[in-house]
Amino acid sequence: MFALVDVNSFYASCETVFRPDLRGRPVIVLSNNDGCVIARNALAKKAQIPMGAPFFKTRDAIRQHNVAVFSSNYALYADMSSRVMETLERLAPAVDIYSIDEAFLDITNIENCISLYDFGKEVQKTIWKETHLSVGVGIAPTKTLAKLANFAAKTWKGTGGVLDLSQTVRQRKLMALVPVEEVWGVGRRISKKLNMLGITTALQLADCPSALIRKHFSVVLERTVRELCGESCLAFEESVPTKQQIICSRSFGERITDYQDMREAICNYAVRAAEKLRGEHQYCRYVSAFVKTSPHDPKVPYYSNHAGIKLLTPTQDSRDILAAAVRCLEQIWKPGYRYQKGGVMLGDFFSQGVAQLNLFDEYQPKRNSEQLMATLDEIHKKGTGKVWFAGQGIQRGWSMKREMLSPAYTTRFNELVKAKV
DNA sequence: TCTGGGGTCCTAGGACCC
DNA sequence: TCTGGGGTCCTAGGACCC
């Protein structure tokens, strides 16, 4: 039996926890670069500010409803997330963290001690007490059904935010009411296709013969159908699976037109990606870079390209990764465009740097690479000094916009909340 | 003027091998 | 006119998720 716990309007809630003065006001949080709306509290939803809407298109509504606007503050959200997860670890025998704001709990056999619904209420109450964040809890025999229960717990206020969907009768009753596009794993494309086949509710999808699904779609959707029927196909995963790839990319605060600026940006992404790679204790053998202009401006031609390099031997050395990323950029850079975004991707991971060298390779591994990188990471972590590669530049005029950033309430001493006595 | 970032998995098709 | 069969590996692209 699974319970899916997720925090309501997570980013927006994190902002309001430390700002009681915002009670009664709509709150939204913007994506990186203050680009578009990625989180809304209940009042902002009521004010009909659409999810994903470009910020500049919502300005009228924001003024009209006196909406509080925040740039995203990931340091704050990550810290609040770990507090929630720690609480869950204490309440449940096993926790499978699915995203920054949600986790599956393994609650098999818990019914021997407490009813499933009461357990859900207990989780809700404890999280609120310890973090002042409100959560929804969906309980069911499969992950997909638990997601569905969670959706229903949020949608129908009468549930009080907790829904026990352990019985088949209740599963079918609910599925008959839920549109198929709300099912986990059914996105825009697939729901459109399903609708054309006359399948509009979750129940109709659940009752679909698997041969039909296999014929028109893939094994992924077939698995979803089985899960809706109560057959658990998605396993509980307590340990974090090792990453297959690492991406560092950002839209630029201002469009880039100059090669030197782009080179600087790519160098920064490469260095950051290398740090993440070492954080995973991995070595990569594939490095790629990409650049693109904005797809939204019909007046200027669109350009998007990427190039990748397979290294001779896996590395975790920032210098190798940086050099490779710059070589990729040289292949794809074209002057005359107004670039909106760029990035670096690492892939083909190994757990050690030593790979079979070819007999005639002239490659010589860098000496003391591991120690040097460890030192670099240490300096970075402590914040006691600043060291960077020349290619990363100093001015960084292209770096992202965050004009409405809240303080790091929980992770920096000089930004703690001040209480008036 | 201004439209996020970071992931996963599956499939189809081509290259290549015997 | 006739032009094998079966397998693996890799990559690009498409779908999904939060």
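Note: hydrogens, waters and symmetry copies are ignored here, and every other heavy atom, side chains too, is used. Keep in mind the model is a prediction, meaning the values are calculated, not measured. All chains are named by letter (A, B, ...) in the order of the sequence lines, taking the proteins before the strands, and each is independently numbered beginning at 1.
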| said: In whole Å, I'd like the distance from the CG atom of A/N33 to the P atom of B/dC2. | reply: 11 Å
| message | One pair to check against side-chain contact (heavy atoms from CB on, under 4.5 Å): A/M80 and A/S13. What are the steps and the verdict? | response | CA-CA 10 Å; A/M80 292 301 280; A/S13 304; over 6 Å; no
| field | Selected nucleotide, minimal atom distance to A/K276 side chain, candidates B/dG6, B/dC9, B/dT11 | value | B/dG6
| message | Just N and O in the side chain of A/R223: are any of them under 4.0 Å from OP1 or OP2 of B/dC10? | response | yes
| field | Side-chain touch A/R278/A/M373, heavy atoms, less than 4.5 angstrom | value | yes
| Where the side chain of A/N32 is concerned, which of B/dT11, B/dG5, C/dC18 is the nearest nucleotide? | B/dG5
| message | Could you check whether A/D79 pairs with A/R83 (Lys NZ or Arg NE/NH1/NH2 to Asp/Glu carboxylate O, under 4.0 Å)? | response | yes
| request: May I ask you to say what A/K341 touches in the nucleic acid, namely base, sugar-phosphate or nothing, with a heavy-atom cut-off under 4.0 Å? | output: sugar-phosphate
| task | May I ask you to verify if any side-chain N or O of A/S249 is less than 4.0 angstrom from the OP1 or OP2 atom of B/dG4? | result | no
| query | So which nucleotide from B/dT3, B/dT8, B/dT11 ends up closest to the side chain of A/K57? | reply | B/dT3
| request: Pick base, sugar-phosphate or nothing for A/I246, based on heavy-atom distances below 4.0 Å to the nucleic acid. | output: sugar-phosphate
| task | Considering only NZ, NE, NH1 and NH2 on the basic side and carboxylate oxygens on the acidic side, decide whether A/E86 and A/R90 come within less than 4.0 Å. | result | no
| query | Do you know which two heavy atoms are closest between A/A3 and A/I139, and how far apart they sit? | reply | CB-CG1, 4.0 Å
Would you tabulate the nitrogen or oxygen pairs shorter than 3.5 Å linking the protein to nucleotides 13-15 of chain C?
from	atom 1	to	atom 2	distance (Å)
C/dA15	OP2	A/R189	NH1	3.2
C/dA15	OP2	A/R189	NH2	3.3

| field | Rounded interatomic separation in angstrom, taking CG from A/L148 and P from C/dC17 | value | 13 Å
| What is the distance from CD of A/Q282 to P of B/dG7, rounded to the nearest Å? | 13 Å
| task | Figure out the CD1/P separation between A/I247 and B/dG4, and round it to whole Å. | result | 15 Å
| said: Rounded to whole Å, how long is the line connecting atom CE of A/M51 with atom P of B/dT3? | reply: 18 Å
| When you measure from the side chain of A/K243, which nucleotide among B/dC10, B/dT8, B/dG4 comes out closest? | B/dT8
| task | With the side chain of A/I38 defined as its heavy atoms from C-beta on, choose the nearest nucleotide among B/dG4, B/dC9, C/dC18. | result | B/dG4
| message | For a quick test of reading the model: is some side-chain N or O of A/K147 closer than 4.0 Å to OP1 or OP2 of C/dC18? | response | yes
| request: Assign A/Q245 to base, sugar-phosphate, or nothing according to its heavy-atom contacts below 4.0 angstrom with the strands shown. | output: base
| Gap between atoms CE and C1', on A/M400 and B/dT3 respectively (whole Å) | 16 Å
| query | With rounding to whole Å, what would you report as the distance between C/dC18 and B/dT3 at their P atoms? | reply | 25 Å
| query | To the nearest angstrom, how far is A/D34 atom CG from B/dG5 atom P? | reply | 11 Å
| query | Between A/E227 (CD) and C/dC16 (C1'), how many Å, whole number? | reply | 15 Å
| request: Describe the nucleic acid contact of A/D101 in one word from base, sugar-phosphate, nothing, applying a heavy-atom distance below 4.0 Å. | output: sugar-phosphate
| task | Find which nucleotide of DNA chain B each of A/C248 and A/G35 is nearest to by heavy atoms, and output the residue with the more 5' nucleotide. | result | A/G35
| task | Return the minimal non-hydrogen interatomic distance between A/M51 and A/R40, and the atom names on each side. | result | N-NH1, 3.6 Å
| request: Select from A/G52 and A/V220 the residue whose nearest nucleotide in DNA chain B is closer to the 5' end of that strand. | output: A/G52
| Closest to side chain of A/Y74, choosing from B/dC10, C/dC18, B/dG4 | B/dG4
| At their closest point, which heavy atom of A/A307 faces which heavy atom of A/Q331, and how far apart are they? | CB-OE1, 3.6 Å
| task | List the atom of A/D34, the atom of A/M404, and the distance in Å for their closest heavy-atom pair. | result | OD2-CE, 3.5 Å
| task | May I ask you to establish whether A/R59 and A/F56 are in a cation-pi arrangement, using a distance under 6.0 Å from NZ or CZ to the six-membered ring centre and at most 45° from the ring axis? | result | no
| request: May I ask you to verify if any side-chain N or O of A/R338 is less than 4.0 angstrom from the OP1 or OP2 atom of B/dC2? | output: yes
| said: For B/dG5 and A/S251 - does any side-chain N or O of the residue sit under 4.0 Å from the phosphate oxygens OP1/OP2? | reply: yes
| query | Under 3.5 Å, is there a donor-acceptor pair between the A/E227 and A/T144 side chains? | reply | yes
| query | At under 4.0 Å, does any side-chain N or O of A/R59 touch on OP1 or OP2 of B/dC2? | reply | no
| A/R255, nearest nucleotide to its side chain (from B/dG6, B/dC10, B/dT3) | B/dT3
| query | Looking at side-chain heavy atoms only, is the closest gap between A/K147 and A/E102 below 4.5 Å? | reply | yes
| What nucleotide, of B/dT3, C/dC17, B/dC10, holds the atom closest to the side chain of A/F56? | B/dT3
| query | Base, sugar-phosphate alone, or nothing: which one does A/K192 contact when heavy atoms must sit under 4.0 Å apart? | reply | nothing
| said: Using a 3.5 Å limit on both distances, find every run of at least three consecutive Watson-Crick or G-U pairs that involves DNA chain C. | reply: B:5-18 with C:5-18
| message | Exactly one of A/I199, A/V183, A/T200 should register a side-chain contact (heavy atoms from CB on, under 4.5 Å) with A/L194. Which one does? | response | A/I199
| Of the nucleotides C/dC18, B/dT8, B/dT11, which one has an atom closest to the side chain of A/S218? | B/dT11
| task | Look at the side-chain N and O atoms of A/Q340 and state whether any lies under 4.0 Å from the OP1 or OP2 oxygen of B/dG4. | result | yes
| remark: Of B/dG7, B/dT3, B/dG5, the nucleotide closest to the side chain of A/P54 is B/dT3
| What nucleic acid atoms does A/R402 come within less than 4.0 Å of, heavy atoms only: base, sugar-phosphate, or nothing? | nothing
